[in-house]
Enquirer: 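One structure, as structure tokens, below. Some questions next.
Along the sequence shown, the residues carry numbers beginning at 1.
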Amino acid sequence: MSANDRSSATDANQASKSSNTKALIAIIIAILALAFVFSNVAPATLHFLFLEFTMPAWGWFLAVLLAGVIVGSLFPWFRPRRK
């Protein structure tokens with residue numbers, strides 16, 4: 001195995017470890033967010049303009065979480081560019 005082959009194998013290993021770490025952090029944050037959402041079960045009322053909506057607080061938190069995921073996927077220019 002040449003030095004160049006070993007270097008590219010090392011780079012691939014480091015990239016794999018980095019993506020595994022990012023995925024693990026994302027999973028932990030998602031679990032914590034969902035634990036927070038589902039631990040708030042009391043009814044909550046939302047007043048928007050002249051409308052009034054009442055549902056469990058976890059429903060509002062989950063709606064905001066999903067809206068954040070959707071908005072984040074709509075704006076890819078905030079993500080780092082691939083080289």
Enquirer: Which residues satisfy the side-chain contact (heavy atoms from CB on, under 4.5 Å) test with I31, sequence neighbours excluded?
Expert: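 In terms of side-chain contact (heavy atoms from CB on, under 4.5 Å), with neighbours along the sequence ignored, I31 is linked to I27.
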
Enquirer: What pairs of donor and acceptor atoms, side-chain ones from residues 47-68 against any protein atom, are under 3.5 angstrom apart with sequence neighbours left out?
Expert:
from: H47; atom 1: ND1; to: E52; atom 2: OE1; distance (Å): 3.4
from: T54; atom 1: OG1; to: T45; atom 2: OG1; distance (Å): 3.1
from: W60; atom 1: NE1; to: A44; atom 2: O; distance (Å): 3.2

Enquirer: Which ILVMFWY residues are connected to L32, directly or by a chain of links, through side-chain heavy atoms under 4.5 Å apart?
Expert: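 Traced through the cluster, L32 reaches L24, I28.
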
Enquirer: Could you list who else is in I29's hydrophobic cluster, with ILVMFWY side chains joined at under 4.5 Å, directly or through other members?
Expert: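 The other cluster members (ILVMFWY side chains, heavy atoms under 4.5 Å, direct or chained) are I25.
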
